[in-house]
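Structure record follows, encoded as structure tokens.
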Amino acid sequence: MFSQIFILSPRGDTIINRDFRSDLPKSTPETFFRQAKTYSGDANPLFAVDCIQFAHIKRGGLYIVGTSRFNLQPAMSLELLDRLAKEIKDFCGVINEEVLRKNFILIYEILDESFDFGYPQLMATEQIKPLIVNDPIQPQPDSVMNSLRPKIQTFNIFVPNTIGSQAVQRSVLNKNQANEIFVDIYEKLNVLFNSSAYVINQSIEGCIQMTSFLQGNPPLKLALNEDLQIGRQQGQYSAGVILDDCNFHECVNANELDMNKTLRIQPPDGQFVVMNYRISGDYAAPFRLFPIIEEISSSKIEVTIKLKACFDAKILASYANVRIPIPKQTANAYPELLKNAQQETAEYDSNKKIVEWQIKKLQGGQERSLKIKLTLQATQTAHTARKEIGPIAMNFEIPMFNVSRLQIKYLRIEERGNTTNPHRWVRYITQSSSYVCRI
Amino acid sequence: MAYFGNNQQRGELQELFTDLNDLNFDKKKEAIKKVIAYMTVGKDVSQLFQSVIKCLEFQDIEMKKLIYLYIVNYSRQKPDDAIMVIQNFRKDVRKSENPLVRALAIRTFGCLRVPKLNEYLIEPLKDCIQDDDPYVRKTAVLCVPKVFEVSPELCPALLELLQKLLEKESNALVLANLIQSMREIEVVNGKQLILMNPKIIQKLLLAIDECMEWGQIFILDYLATYDPVESKQAEIIIERTLPRLSHINPTVTFCAVKLILKYLDHLDNGDLVKNLCKKISPSLISLLSWNQPEIQYTILRNISLILQKFPILFENEVKVFFCSFNEPYYIKYEKLDIMVRICDSKNFNQVLNELMIYINEADPHFVRKTIKSIGKIGIMYDKALSEAVSILVEFAKNVQQANESVQELFIQMQILYRKNRNLYKTNDSLKILFNILEYANEPEAKSACTWIVGEFAEFIPKSVDKMKEYIDNFLIEDRLVQLQLLTSGVKLYIKYPSLCSALIQQLINSAKDSFNPDVRDRTYIYWRLLSTDPEIVKNLVCSVPTNSSQFQKDIRLWETKDLIIALENMGSISNLFHKLPNQLYKNIKIRNNHQQEAKIYKADEKQDIPQKEQEIKKEDQNQQIQQQPKQDFDLLNFDEPVSKSNNNKIDVYDLI
């Protein structure tokens with residue numbers, strides 16, 4: 001298992017250094033940093049120097065590194081570091097150099113409870129909370145470091161770009177907190193269209209995530225759709241919501257899911273993923289793209305792309321971006337929007353040979369279109385060049401909307417006689433993961 | 001300057017020293033925090049050892065934690081001073097009411113790693129192993145391997161205690177730590193410590209449900225090394241493991257998969273095996289969709305391994321491995337590799353259609369891999385051959401510059417032509433290739449081009465001129481190209497004796513004095529043969545095989561006995577590199593395995609995936625006889641450089 005865990009600043013200074021096994025030289029952090037700097041971009045998450053395995057993740061600009069001489073499981077070591085980062089964040093509120101330097105003693109405490117001899121021990125925030133004696137020290141709000149701090153990273157898999165959650169920056173040790181719980185249902189869509197807008201392949205990766213600030217961590221009961229079904233039989237069609245597969249957090253008891261469609265949850269403090277699910281079946285894609293390519297002459301091509309938002313008019317996509325790769329031999333490209341276009345831009349990047357079409361807000365049911373006029377260099381004819389157009393990729397986010405129709409019917413506190421009524425916040429977010437149209 | 005710097009540091013230390021000896025408690029605590037801060041950044045504060053230790057008399061737990069941190073760091077530098085701490089430790093372990101303090105003391109004690117202190121540790125450690133509080137027990141249990149590493153001679157009594165504890169322990173967390181520390185000692189010691197019996201297995205299975213995810217990993221991982229005695233037992237263990245397949249932690253899921261896959265061998269109920277496979281594959285697929293790309297990568301690397309033994313798992317699931325445009329390339333490469341492995345006589349069309357689209361991607365390296373994969377599929381399935389060729393020819397039409405992917409195109413086309421010589425007619429492929437011959441610049445691709453020119457000389461209008469061009473540059477070519485040039489030159493001479501007599505003379509003249517013995521020897525052999533009887537050479541070099549030969553490829557990653565070891569280490573770093581643990585780490589010994597045959601789990605339908613010793617007939621056998629084996633290997637080797645270094649793998653081809 002891990003021999004050491006250390007945390008380095010972006011400049012390579014050691015902020016935290018805990019040696020569990022003393023089987024590696026003391027200069028290992030320097031070895032790591034020197035090697036990490038040899039990569040042109042971000043360093044590989046796992047690499048080896050002189051038979052020492054380094055696993056690292058980057059959070060808030062800091063390197064969190066685990067080292068080992070053993071044949072360890074790479075997936076597990078990265079997961080452990082990620083979990084450690086989450087713990088630190090739960091205690092300190094944020095992860096950045098200043099906070100870590102101020103709280104280094106607290107971090108050593110957390111490390112000692114989380115690992116012994118390099119083996120993971122207790123790694124859930126609420127489990128180690130009673131064992132920790134130090135209180136977190138919050139950074140001065142007016143300090144220079146603070147204002148320079150980069151945007152705070154969150155640790156969930158899904159990071160919404162537009163809606164910031166108020167739940168993100170709070171420490172679990174904060175005693176005067178509101179009694180509330182946040183529930184997020186995220187869905188990421190993978191869709192592949194062919195040129196006639198026919199779906200070739202589609203799937204949804206979704207998760208239900210909670211951030212709990214409930215006092216006393218009471219047991220919860222979460223009810224999902226009544227027509228929910230888990231596991232797909234071949235050739236079966238059903239009107240209900242069918243999940244191909246799902247998995248649950250440790251605190252979730254899913255025994256009643258099949259019968260009553262309810263989950264019993266013993267919520268830990270802070271953020272956790274209640275359930276991940278995967279759907280591979282057909283669903284109505286929220287956007288449809290209709291590309292039309294016309295060869296005007298041997299050196300001119302016109303590409304027209306129609307985008308249709310196929311969801312309810314009450315729902316508003318917070319943004320939708322479309323990227324259209326165009327032939328390498330393009331001499332020039334003029335993207336043209338419709339005359340009445342609002343909150344839309346279209347730009348041609350001549351280095352990357354890509355046209356970027358950005359739409360700020362898009363209401364359900366609306367249609368937009370873009371025309372690109374391409375002039376080719378003399379070396380290539382329109383007939384061969386048209387093959388190089390595409391595939392068109394889309395990026396979008398639609399708040400308060402989910403494709404799978406998986407819903408939270410209710411979320412109750414199970415304890416009888418509990419008079420407090422905590423605030424419960426639920427939101428739905430749909431994002432694109434890989435939304436591609438081939439031409 | 002140095003003197004000045006020194007002086008300043010001494011000043012800081014002096015200040016800390018004063019503060020540490022101050023009577024005010026808060027001041028002491030602040031001073032200790034500063035000491036730890038210095039320690040973290042790597043400054044030497046070992047001189048303060050005695051002053052720091054003195055502060056241990058306070059019962060403040062925060063202070064204790066800090067001091068222990070300090071002691072652990074400097075005990076090996078100051079073993080004599082560290083002895084003074086022993087009394088404090090023993091007091092904490094024996095007398096303290098607070099389990100936290102007891103555990104803290106024993107944990108720190110274990111980390112001292114000073115051999116002469118360890119004898120004082122044994123007694124308190126024994127007490128802690130039998131402590132009433134599970135938190136203390138779990139800490140104490142992990143303390144044993146720490147001591148064992150430094151002074152194994154002190155440990156027999158402790159080990160016995162651990163074995164007893166295993167019999168009666170009921171706390172899941174302690175059990176998990178117990179298993180882990182005993183395994184670690186087993187590795188160092190070489191002796192079996194954990195004596196499995198049905199009772200312990202029962203207990204471990206119960207513990208899986210209760211303990212935390214990391215504990216689950218330890219226990220599942222251990223159970224996966226166990227060989228169940230009978231089918232019923234395997235069935236029970238699998239039954240208890242199934243719920244872990246839907247755990248949110250990918251490592252737990254993966255350990256469960258590993259365990260179940262291993263135990264399948266022990267089941268004698270065929271239907272059950274099939275049902276289990278149906279349960280495992282969605283979990284494995286899910287691992288690919290929910291996690292960060294890094295974790296996906298590790299899973300993909302292991303899937304290519306699992307596939308060799310369990311083709312049944314991903315039957316009908318090839319779509320899962322289609323690349324999406326925004327994935328990192330390292331994921332795409334793995335997916336390509338798996339798509340080829342998964343491809344069978346039923347779905348090759350689907351795979352080829354998908355690959356056809358990848359061929360237009362921007363990254364030349366990815367395109368190169370795609371072309372290679374198309375070539376492999378063409379070789380493996382006779383029915384896929386013409387489809388593969390037409391995709392490649394389509395690609396060749398659009399080639400406009402020399403890049404990586406074009407090189408691969410030549411190499412793959414040569415191999416496909418070898419499989420079926422008549423392919424040159426398909427879609428004018430020969431003509432299109434000939435037009436872009438000048439783009440070949442890698443030795444392997446160039447050698448493929450010279451082969452094509454020689455082999456199909458009669459169908460290429462200017463083949464002699466082209467050959468002349470090549471032979472003019474003979475001396476600057478790579479050895480691989482030179483060897484191929486010799487054979488192709490002779491072929492051309494046989495076909496057009498009068499046109500090429502000067503050419504062959506030029507070729508022999510430039511090659512006969514080569515520094516490379518291979519090139520020189522081959523030159524002389526051809527020379528002698530030609531001067532003896534050109535007719536023999538014709539039979540040897542130019543004979544056209546009558547029927548299209550069966551020329552297939554073994555895509556197995558591992559030899560059977562290595563496969564079993566590799567599957568036992570599923571999920572580890574060594575598998576990520578597709579190596580055996582002992583190849584990567586010198587300190588790891590692998591269990592000797594006598595099992596020679598691995599059971600392969602296939603779907604019901606008969607498939608023609610090559611998996612046993614393939615009968616590989618060679619096309620132009622006559623010609624190949626003359627070529628030295630190494631050359632042969634180079635030409636036909638499809639494997640990535642990574643696996644080339646895998647010396648445990650058999651050569652890809654068995655020659656008959």
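What you see is a predicted model; the values in this text were computed from it and never measured. The chains referred to below are lettered A, B, ... by the order of the sequence lines, with proteins before strands, and numbering in each begins at 1.
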Could you report the tightest heavy-atom contact between [X] and [Y], atom names first, then the distance?
X	Y	answer
B:Ser289	A:Arg278	OG-CD, 3.0 Å
A:Leu122	B:Met212	CA-CE, 3.9 Å
B:Leu576	A:Pro74	CD2-CG, 4.0 Å
B:Lys33	A:Ile105	CG-CD1, 2.9 Å
A:Val273	B:Ile248	O-CD1, 3.2 Å

Specify which of [options] makes the most heavy-atom pairs with chain A at under 4.5 Å.
options	value
B:Ile357, B:Leu245, B:Leu104, B:Ile61	B:Ile357
B:Met39, B:Lys138, B:Lys278	B:Lys138
B:Cys111, B:Ser283, B:Pro145	B:Pro145
B:Tyr330, B:Tyr297, B:Phe218	B:Phe218

(message) With a sphere of 6.0 Å drawn around NZ of B:Lys29, does it hold more than 12 non-hydrogen atoms of other residues, nucleotides or ligands?
(response)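 Atom NZ in B:Lys29 is packed in, count exceeds 12.
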(request) Can you establish whether the number of heavy atoms outside A:Arg323 located under 6.0 Å from its atom CZ is more than 12? (result)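 Result for CZ/A:Arg323: open.
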(request) Apply side-chain contact (heavy atoms from CB on, under 4.5 Å) to A:Phe70 and B:Ile573, showing your working. (result) CA-CA 9 Å; A:Phe70 290 79; B:Ile573 290 254; over 6 Å; no
If you round to the nearest 0.5 Å, how far is [atom2] of [Y] from [atom1] of [X]?
X	Y	atom1	atom2	result
B:Asn353	A:Ile200	CG	CD1	9.5 Å
A:Met76	B:Trp214	CE	CH2	6.0 Å
B:Ser286	A:Asp244	OG	CG	8.0 Å
B:Asn73	A:Asp19	CG	CG	7.5 Å
B:Asn249	A:Leu80	CG	CG	8.0 Å

Please look at [X] and chain A and tell me whether the side chain, the backbone, both or neither of the residue comes under 4.5 angstrom of a heavy atom of that chain.
X	result
B:Gln216	side chain
B:Thr139	both
B:Asn575	neither
B:Thr298	side chain
B:Cys143	neither
B:Ala37	both
B:Ile36	both

(request) Please report the C-alpha distance between A:Ser280 and B:Lys319 in whole Å, then the side-chain angles of each, then the deciding distance to 0.1 Å, and finally whether the side-chain contact (heavy atoms from CB on, under 4.5 Å) criterion is met. (result) CA-CA 11 Å; A:Ser280 67; B:Lys319 265 190 178 181; over 6 Å; no
(request) Give the C-alpha distance, both sets of side-chain angles, the deciding distance and a yes or no for side-chain contact (heavy atoms from CB on, under 4.5 Å) between B:Lys65 and A:Tyr108. (result) CA-CA 9 Å; B:Lys65 280 192 175 181; A:Tyr108 276 123; over 6 Å; no
Would you say that [X] contacts [Y] through its side chain, given a criterion of any heavy-atom pair below 4.5 Å between the two side chains?
X	Y	value
A:Phe117	B:Glu149	yes
B:Glu184	A:Tyr119	yes
B:Tyr135	A:Leu131	yes

(message) Under a 4.0 Å threshold between the charged nitrogen and the carboxylate oxygen, would B:Lys64 count as salt-bridged to A:Glu109?
(response)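 Here A:Glu109 does not pair with B:Lys64 in a salt bridge, since their nearest N and O are not under 4.0 Å apart.
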(message) Between B:Lys279 and A:Asp245, does any side-chain N to carboxylate O distance fall below 4.0 Å?
(response)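 Salt bridge: no.
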Side chain [X], main chain [Y], donor-acceptor under 3.5 Å:
X	Y	answer
B:Arg107	A:Asp112	yes
A:Glu250	B:Glu213	yes
A:Asn247	B:His247	yes

Could you have a look at [options] and say which one has the most heavy-atom pairs with chain B under 4.5 angstrom?
options	result
A:His249, A:Met123, A:Gln121, A:Glu388	A:Gln121
A:Met275, A:Arg83, A:Lys328, A:Arg18	A:Arg83
A:Phe20, A:Phe104, A:Phe6	A:Phe104

(request) Step by step, work out the side-chain contact (heavy atoms from CB on, under 4.5 Å) result for B:Val252 and A:Glu79. (result) CA-CA 11 Å; B:Val252 176; A:Glu79 181 78 23; over 6 Å; no
(message) Less than 4.5 Å to any heavy atom of chain B: does that hold for the side chain of A:Tyr435, its backbone, both, or neither?
(response)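 For A:Tyr435, the contact with chain B is made by the backbone alone.
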